[in-house]
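Below you'll find the structure, written out as C-alpha coordinates, and then a few comments.
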Amino acid sequence: MHRVQFIELHEQPWFPSSLRADVTDALQFGFNLLHAYAPIAPLLQSVIDSTDNRTNPGQSPAGQASSRQSIIDMCSGGGGPWQDLARQLRSRDAAGDSTGLQVWLTDKYPNLEAFQSVSASSDHHITFYPEPVDAMQVPRALKGLRTMFTSFHHFPPDDARAILQNAVDAGESIGIFEATKRAPSTVALIFVGILLMFVHTPRIRPFRWSRLLWTYLIPVIPLVLLFDGVVSCLRTYRPQELREMVEKLTSCQYQWEIGELATGKMPVTYLIGYPKAGPRI
(Lines give C-alpha, C1' and ligand atoms only; values in the text may rest on other atoms or scores of the structure.)
Protein backbone atom coordinates (compact mmCIF):
# COMPACT_ATOMS: atom_id res chain seq x y z
CA MET A 1 0.00 0.00 0.00
CA HIS A 2 1.54 3.29 -1.12
CA ARG A 3 1.36 6.26 1.23
CA VAL A 4 -1.22 8.90 0.26
CA GLN A 5 -1.24 12.48 1.53
CA PHE A 6 -4.95 13.23 1.97
CA ILE A 7 -6.76 15.44 4.45
CA GLU A 8 -8.26 14.37 7.76
CA LEU A 9 -11.42 16.33 8.43
CA HIS A 10 -10.96 17.10 12.12
CA GLU A 11 -7.53 18.71 11.60
CA GLN A 12 -8.78 21.29 9.11
CA PRO A 13 -8.98 24.96 10.28
CA TRP A 14 -12.61 25.18 9.12
CA PHE A 15 -13.72 22.16 11.18
CA PRO A 16 -15.96 23.32 14.09
CA SER A 17 -13.92 23.47 17.29
CA SER A 18 -16.68 21.89 19.39
CA LEU A 19 -16.89 18.89 17.05
CA ARG A 20 -13.10 18.67 16.93
CA ALA A 21 -13.09 18.39 20.73
CA ASP A 22 -15.67 15.59 20.58
CA VAL A 23 -13.62 13.74 17.95
CA THR A 24 -10.31 14.04 19.83
CA ASP A 25 -11.99 13.02 23.10
CA ALA A 26 -13.32 9.89 21.39
CA LEU A 27 -9.90 9.11 19.91
CA GLN A 28 -8.23 9.44 23.29
CA PHE A 29 -10.85 7.25 24.97
CA GLY A 30 -10.45 4.58 22.31
CA PHE A 31 -6.67 4.38 22.57
CA ASN A 32 -6.88 4.31 26.37
CA LEU A 33 -9.56 1.61 26.26
CA LEU A 34 -7.32 -0.59 24.11
CA HIS A 35 -4.14 0.39 25.99
CA ALA A 36 -2.68 0.79 22.51
CA TYR A 37 0.51 2.44 23.70
CA ALA A 38 1.15 0.36 26.83
CA PRO A 39 3.92 -1.66 25.06
CA ILE A 40 6.06 1.45 24.55
CA ALA A 41 6.21 2.36 28.27
CA PRO A 42 9.52 0.49 28.85
CA LEU A 43 10.98 2.17 25.76
CA LEU A 44 9.96 5.61 27.00
CA GLN A 45 11.20 4.87 30.51
CA SER A 46 14.56 3.87 29.06
CA VAL A 47 14.84 7.19 27.23
CA ILE A 48 13.82 9.15 30.33
CA ASP A 49 16.34 7.29 32.49
CA SER A 50 19.15 7.42 29.95
CA THR A 51 18.96 11.03 28.83
CA ASP A 52 19.43 14.14 30.92
CA ASN A 53 16.14 15.81 29.97
CA ARG A 54 16.07 19.46 30.85
CA THR A 55 13.26 20.75 32.99
CA ASN A 56 10.63 23.20 31.84
CA PRO A 57 11.51 26.64 33.25
CA GLY A 58 7.86 27.61 33.52
CA GLN A 59 5.68 27.35 36.58
CA SER A 60 3.72 24.42 37.90
CA PRO A 61 -0.09 24.61 37.98
CA ALA A 62 0.22 25.71 41.61
CA GLY A 63 2.37 28.67 40.54
CA GLN A 64 5.64 27.22 41.83
CA ALA A 65 8.80 26.78 39.80
CA SER A 66 9.06 23.28 38.31
CA SER A 67 12.19 21.16 38.81
CA ARG A 68 10.76 17.95 37.37
CA GLN A 69 11.89 16.10 34.29
CA SER A 70 9.70 17.31 31.45
CA ILE A 71 7.96 15.62 28.55
CA ILE A 72 6.50 17.95 25.92
CA ASP A 73 3.69 16.11 24.16
CA MET A 74 2.82 17.67 20.81
CA CYS A 75 -0.46 17.37 18.88
CA SER A 76 -2.04 16.07 22.09
CA GLY A 77 -5.65 16.20 20.86
CA GLY A 78 -7.84 15.12 23.77
CA GLY A 79 -4.85 14.37 26.01
CA GLY A 80 -3.34 11.37 24.28
CA PRO A 81 -2.43 8.19 26.17
CA TRP A 82 -0.77 10.01 29.06
CA GLN A 83 -3.24 9.20 31.84
CA ASP A 84 -2.30 5.55 31.45
CA LEU A 85 1.34 6.01 30.42
CA ALA A 86 2.24 8.51 33.15
CA ARG A 87 1.15 6.05 35.84
CA GLN A 88 3.33 3.32 34.32
CA LEU A 89 6.33 5.58 33.96
CA ARG A 90 6.11 6.84 37.53
CA SER A 91 5.81 3.27 38.81
CA ARG A 92 9.02 2.43 36.95
CA ASP A 93 10.99 5.31 38.49
CA ALA A 94 14.12 3.67 39.93
CA ALA A 95 14.33 6.31 42.66
CA GLY A 96 10.73 5.67 43.71
CA ASP A 97 9.93 9.35 43.17
CA SER A 98 6.39 9.58 41.83
CA THR A 99 6.69 13.34 41.32
CA GLY A 100 9.82 13.18 39.16
CA LEU A 101 8.02 13.50 35.82
CA GLN A 102 5.99 16.38 34.42
CA VAL A 103 4.04 15.95 31.17
CA TRP A 104 3.02 19.05 29.22
CA LEU A 105 0.17 18.67 26.70
CA THR A 106 0.28 20.96 23.66
CA ASP A 107 -1.63 21.28 20.41
CA LYS A 108 -2.12 23.64 17.49
CA TYR A 109 -5.82 23.65 18.43
CA PRO A 110 -5.66 23.04 22.21
CA ASN A 111 -8.68 21.24 23.65
CA LEU A 112 -8.49 23.11 26.94
CA GLU A 113 -11.51 21.45 28.55
CA ALA A 114 -10.01 18.00 27.92
CA PHE A 115 -6.55 19.15 29.02
CA GLN A 116 -7.95 20.52 32.28
CA SER A 117 -9.80 17.26 32.92
CA VAL A 118 -6.69 15.17 32.30
CA SER A 119 -4.58 17.47 34.47
CA ALA A 120 -7.02 17.33 37.39
CA SER A 121 -7.33 13.55 37.26
CA SER A 122 -3.54 13.17 37.27
CA ASP A 123 -3.05 15.31 40.39
CA HIS A 124 -1.31 17.78 38.06
CA HIS A 125 1.51 15.44 37.08
CA ILE A 126 0.09 16.18 33.63
CA THR A 127 -0.37 19.84 32.79
CA PHE A 128 -0.79 21.82 29.58
CA TYR A 129 0.38 24.78 27.57
CA PRO A 130 -2.71 26.92 26.84
CA GLU A 131 -1.45 28.64 23.69
CA PRO A 132 -1.36 27.02 20.22
CA VAL A 133 1.88 25.14 19.57
CA ASP A 134 3.15 24.37 16.06
CA ALA A 135 5.11 21.10 16.17
CA MET A 136 7.45 22.50 13.53
CA GLN A 137 8.24 25.56 15.66
CA VAL A 138 8.02 24.57 19.32
CA PRO A 139 8.55 27.53 21.68
CA ARG A 140 12.05 27.49 23.15
CA ALA A 141 10.51 27.83 26.62
CA LEU A 142 9.17 24.27 26.33
CA LYS A 143 12.18 22.10 27.11
CA GLY A 144 12.24 18.34 27.50
CA LEU A 145 11.68 15.07 25.67
CA ARG A 146 9.20 15.75 22.85
CA THR A 147 6.59 13.11 22.02
CA MET A 148 3.91 12.63 19.38
CA PHE A 149 1.24 9.91 19.44
CA THR A 150 -0.86 9.02 16.38
CA SER A 151 -0.21 12.43 14.85
CA PHE A 152 3.08 12.39 12.92
CA HIS A 153 1.30 10.97 9.87
CA HIS A 154 -0.74 14.18 9.64
CA PHE A 155 2.30 15.92 8.18
CA PRO A 156 3.62 15.57 4.62
CA PRO A 157 7.27 14.50 4.35
CA ASP A 158 8.77 18.01 4.27
CA ASP A 159 6.77 19.13 7.32
CA ALA A 160 7.44 15.86 9.16
CA ARG A 161 11.16 16.32 8.55
CA ALA A 162 10.86 19.93 9.79
CA ILE A 163 9.44 18.61 13.11
CA LEU A 164 12.48 16.39 13.56
CA GLN A 165 14.86 19.15 12.48
CA ASN A 166 13.30 21.57 14.97
CA ALA A 167 13.95 19.11 17.79
CA VAL A 168 17.54 18.58 16.62
CA ASP A 169 18.16 22.32 16.34
CA ALA A 170 16.86 22.77 19.90
CA GLY A 171 18.98 19.89 21.18
CA GLU A 172 15.90 18.04 22.46
CA SER A 173 15.18 14.31 22.36
CA ILE A 174 12.07 13.28 20.43
CA GLY A 175 9.84 10.19 20.33
CA ILE A 176 7.30 9.48 17.56
CA PHE A 177 4.75 6.69 18.11
CA GLU A 178 2.08 5.53 15.66
CA ALA A 179 -0.54 2.85 16.34
CA THR A 180 -1.91 3.22 12.80
CA LYS A 181 -0.36 1.29 9.94
CA ARG A 182 -0.69 0.98 6.17
CA ALA A 183 -2.14 -2.52 6.26
CA PRO A 184 -5.59 -3.99 5.55
CA SER A 185 -5.73 -5.49 9.05
CA THR A 186 -5.32 -2.07 10.68
CA VAL A 187 -7.95 -0.53 8.41
CA ALA A 188 -10.30 -3.33 9.50
CA LEU A 189 -9.63 -2.43 13.14
CA ILE A 190 -10.89 1.09 12.42
CA PHE A 191 -14.33 -0.32 11.54
CA VAL A 192 -14.35 -2.40 14.72
CA GLY A 193 -13.40 0.67 16.72
CA ILE A 194 -16.32 2.65 15.31
CA LEU A 195 -18.73 -0.07 16.41
CA LEU A 196 -17.22 -0.05 19.90
CA MET A 197 -17.65 3.71 20.05
CA PHE A 198 -21.44 3.37 19.81
CA VAL A 199 -21.29 1.23 22.96
CA HIS A 200 -18.87 3.37 24.96
CA THR A 201 -19.73 6.96 23.96
CA PRO A 202 -21.71 7.69 27.20
CA ARG A 203 -18.54 6.84 29.18
CA ILE A 204 -16.36 9.42 27.44
CA ARG A 205 -15.30 12.30 29.66
CA PRO A 206 -15.86 15.17 29.92
CA PHE A 207 -19.52 14.27 29.33
CA ARG A 208 -21.38 16.37 26.77
CA TRP A 209 -24.96 16.07 25.58
CA SER A 210 -23.79 17.33 22.19
CA ARG A 211 -21.64 14.20 21.85
CA LEU A 212 -24.72 12.01 22.17
CA LEU A 213 -26.53 14.13 19.59
CA TRP A 214 -23.68 13.94 17.04
CA THR A 215 -23.15 10.21 17.68
CA TYR A 216 -26.62 8.65 17.89
CA LEU A 217 -29.13 11.04 16.33
CA ILE A 218 -26.95 12.62 13.66
CA PRO A 219 -23.87 10.35 13.40
CA VAL A 220 -21.37 13.00 12.35
CA ILE A 221 -18.71 11.93 14.87
CA PRO A 222 -18.67 8.23 13.81
CA LEU A 223 -18.48 9.20 10.14
CA VAL A 224 -15.62 11.63 10.75
CA LEU A 225 -13.78 9.05 12.85
CA LEU A 226 -14.27 6.40 10.16
CA PHE A 227 -13.07 8.67 7.35
CA ASP A 228 -10.14 10.10 9.31
CA GLY A 229 -9.19 6.69 10.70
CA VAL A 230 -8.88 5.12 7.26
CA VAL A 231 -6.98 8.14 5.96
CA SER A 232 -4.66 7.94 9.00
CA CYS A 233 -3.75 4.38 8.11
CA LEU A 234 -3.05 5.32 4.49
CA ARG A 235 -0.83 8.25 5.57
CA THR A 236 1.26 6.47 8.22
CA TYR A 237 4.99 6.30 7.56
CA ARG A 238 6.72 2.93 7.56
CA PRO A 239 10.02 2.41 9.42
CA GLN A 240 12.06 2.51 6.21
CA GLU A 241 10.44 5.82 5.24
CA LEU A 242 11.32 7.22 8.68
CA ARG A 243 14.93 6.10 8.23
CA GLU A 244 15.11 7.88 4.88
CA MET A 245 13.66 10.98 6.53
CA VAL A 246 16.26 11.22 9.30
CA GLU A 247 19.09 10.66 6.79
CA LYS A 248 18.19 14.03 5.27
CA LEU A 249 18.46 15.99 8.52
CA THR A 250 21.28 18.51 8.77
CA SER A 251 22.82 17.15 11.97
CA CYS A 252 24.87 14.00 12.42
CA GLN A 253 25.07 14.36 16.21
CA TYR A 254 21.90 12.39 16.97
CA GLN A 255 21.27 8.72 17.58
CA TRP A 256 18.07 7.38 16.00
CA GLU A 257 16.15 4.25 17.00
CA ILE A 258 13.45 3.21 14.51
CA GLY A 259 11.33 0.10 14.45
CA GLU A 260 8.01 -1.55 15.25
CA LEU A 261 6.74 -3.06 18.49
CA ALA A 262 4.21 -5.84 17.95
CA THR A 263 3.74 -7.01 21.53
CA GLY A 264 0.37 -5.34 22.20
CA LYS A 265 -3.09 -5.39 20.68
CA MET A 266 -1.91 -3.04 17.94
CA PRO A 267 1.61 -2.83 16.47
CA VAL A 268 3.29 0.49 17.24
CA THR A 269 5.79 2.08 14.87
CA TYR A 270 8.32 4.23 16.70
CA LEU A 271 11.10 6.71 16.01
CA ILE A 272 13.27 7.97 18.87
CA GLY A 273 16.11 10.46 18.51
CA TYR A 274 18.46 11.86 21.12
CA PRO A 275 21.90 13.51 21.18
CA LYS A 276 24.72 11.03 20.68
CA ALA A 277 26.29 12.14 23.94
CA GLY A 278 23.54 10.21 25.75
CA PRO A 279 23.73 6.44 26.27
CA ARG A 280 22.06 4.16 23.75
CA ILE A 281 18.70 2.57 24.53
Side-chain angles (χ1 to χ4, degrees), residues 8-29 31-32 37 44 48 53-87 89-90 99-152 154-155 159 162-163 166-167 169-170 172-177 204-208 210-211:
E8 292 184 40
L9 299 177
H10 81 277
E11 68 184 37
Q12 301 307 307
W14 47 260
F15 196 81
S17 59
S18 60
L19 273 177
R20 181 185 294 113
D22 287 337
V23 169
T24 56
D25 287 347
L27 285 171
Q28 178 198 352
F29 181 86
F31 282 118
N32 287 341
Y37 287 107
L44 261 180
I48 292 166
N53 295 315
R54 288 175 288 174
T55 57
N56 188 21
Q59 293 184 326
S60 70
Q64 299 174 338
S66 174
S67 60
R68 301 173 179 176
Q69 281 191 316
S70 292
I71 290 179
I72 310 302
D73 189 59
M74 303 181 294
C75 305
S76 299
W82 280 109
Q83 279 184 303
D84 187 33
L85 269 181
R87 285 192 293 267
L89 294 175
R90 289 202 298 271
T99 64
L101 183 67
Q102 181 78 64
V103 179
W104 290 77
L105 306 177
T106 74
D107 202 280
K108 188 175 182 179
Y109 306 105
N111 183 346
L112 296 181
E113 184 180 4
F115 286 1
Q116 290 166 351
S117 176
V118 170
S119 179
S121 65
S122 72
D123 195 25
H124 302 299
H125 293 298
I126 303 172
T127 188
F128 59 92
Y129 193 75
E131 302 299 323
V133 172
D134 185 342
M136 293 182 286
Q137 296 179 334
V138 178
R140 289 281 181 169
L142 292 174
K143 301 180 183 297
L145 167 64
R146 300 179 183 182
T147 59
M148 297 179 70
F149 292 88
T150 325
S151 54
F152 195 65
H154 292 173
F155 299 88
D159 290 350
I163 291 171
N166 183 256
D169 292 343
E172 303 291 359
S173 301
I174 186 168
I176 307 295
F177 305 96
I204 299 176
R205 296 295 180 269
F207 179 84
R208 298 190 191 95
S210 62
R211 185 182 293 114

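Between Ala114 and Asp25, the shortest heavy-atom distance links the atoms CB-OD1, 3.4 Å. Closest of all the heavy-atom pairs between Gly77 and Phe115 is O-CE1, 3.2 Å. Counting all heavy atoms, side chain and backbone alike, Arg140 lies closest to Ala170 at NH1-CA, 3.3 Å. The shortest non-hydrogen separation linking His154 to Glu11 is CG-OE1, 3.1 Å. Nearest heavy-atom pair across Leu89 and Trp82 is CD1-CZ3, 3.6 Å. Taking each heavy atom of Val138 and Ala135 in turn, the nearest pair found is CG2-O, 3.7 Å.
Counted within 6.0 Å of CD on Gln137, heavy atoms from surrounding residues, nucleotides or ligands total 12 or fewer; the atom is thus considered open.
A distance of 11.0 Å separates OG of Ser17 from OH of Tyr109, quoted to the nearest 0.5 Å. One distance of note links CZ of Phe149 with CG of Leu85; it measures 5.0 Å at 0.5 Å rounding. Here the CE atom belonging to Met74 is positioned 15.5 Å from the CH2 atom belonging to Trp104, to the nearest 0.5 angstrom. Rounding to the nearest 0.5 Å places CD1 of Ile71 at 4.5 Å from CG of Leu101. Once rounded to the nearest 0.5 Å, the distance linking CD of Glu131 with CG of Asp107 reads 13.0 Å. For the atom pair CD of Gln28 and OG of Ser117, the computed distance is 8.0 Å after rounding to the nearest 0.5 Å.
When atom types are taken as modelled, the side chain of Arg20 and the backbone of His10 share a donor-acceptor pair closer than 3.5 angstrom. Remark: the backbone N or O of Met136 is paired with a side-chain donor or acceptor of Asn166 at under 3.5 angstrom. Between the side chain of Gln102 and the backbone N or O of His125 there is at least one donor-acceptor pair closer than 3.5 Å. Put simply, the side chain of Glu172 never gets that close to the backbone of Ala167: no donor and acceptor are under 3.5 Å apart. Although no hydrogens or angles enter the test, the distance criterion places a donor-acceptor pair under 3.5 Å between the side chain of Ser76 and the main chain of Thr106.
Residues Leu105 and Val118 meet the side-chain proximity criterion, which asks for heavy atoms closer than 4.5 Å. When side chains are defined from C-beta on, Pro81 does not count as touching Asp84, because their heavy atoms never get closer than 4.5 Å.
Shown here are the salt bridge (Lys or Arg N to Asp or Glu O under 4.0 Å) partners of Asp22, two or more places apart in sequence or in another chain: Arg208, Arg211. Listed by chain and residue number, Tyr37 satisfy the ring pair (Phe, Tyr, Trp, His ring centres under 6.0 Å) test with Phe31 (two or more places apart in sequence, or in another chain). Residues passing the side chain to side chain donor-acceptor pair (under 3.5 Å) test with Thr147, sequence neighbours excluded: Asp73.
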CA sep, side-chain torsions, deciding dist, call: Asp159, Ile163, side-chain contact (heavy atoms from CB on, under 4.5 Å)
CA-CA 6 Å; Asp159 290 350; Ile163 291 171; 5.8 Å; no
